[in-house]
Trainee: 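This is the structure I want to talk about, given as structure tokens.
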Amino acid sequence: MTKIILMAIAVAFILEGLAPALFPNKWRAYVAKLAQEPVANIRMIGIVIMLMGLAMLWWFSEL
């Protein structure tokens, strides 16, 4: 179980690193734009992404 969790975290790191590695200028502009957003918007984006991840995890675990 621990190995699966660590592998999932590793995959998340790989996916998170793709954008800055492949498109550093666009990624920097996105981060700068994101820094100008209100905290409530950023929080809502985080909640939506977490809920999507939970739904996918539940769905894939049912397969």
Trainee: Are L15 and F23 grouped together when hydrophobic residues (ILVMFWY) are joined by side-chain heavy atoms under 4.5 angstrom apart?
Mentor: yes

Trainee: Could you measure the distance from the CG atom of L22 to the CH2 atom of W27? Nearest 0.5 Å is fine.
Mentor: 12.5 Å

Trainee: Atom CG of L57 and atom CD of E62: how far apart are they, to the nearest 0.5 Å?
Mentor: 10.0 Å

Trainee: Should L18 and V11 be counted in the same cluster of Ile, Leu, Val, Met, Phe, Trp and Tyr side chains packed under 4.5 Å apart?
Mentor: yes

Trainee: Within a radius of less than 6.0 Å around CG of L51, do more than 12 heavy atoms belonging to other residues, nucleotides or ligands occur?
Mentor: yes

Trainee: Could you state whether W58 and M56 fall into the same hydrophobic cluster, counting links through intermediate Ile, Leu, Val, Met, Phe, Trp or Tyr residues with side-chain heavy atoms under 4.5 angstrom apart?
Mentor: yes

Trainee: Taking atom CD1 of I42 and atom CD1 of I47, what is their separation to the nearest 0.5 Å?
Mentor: 12.0 Å

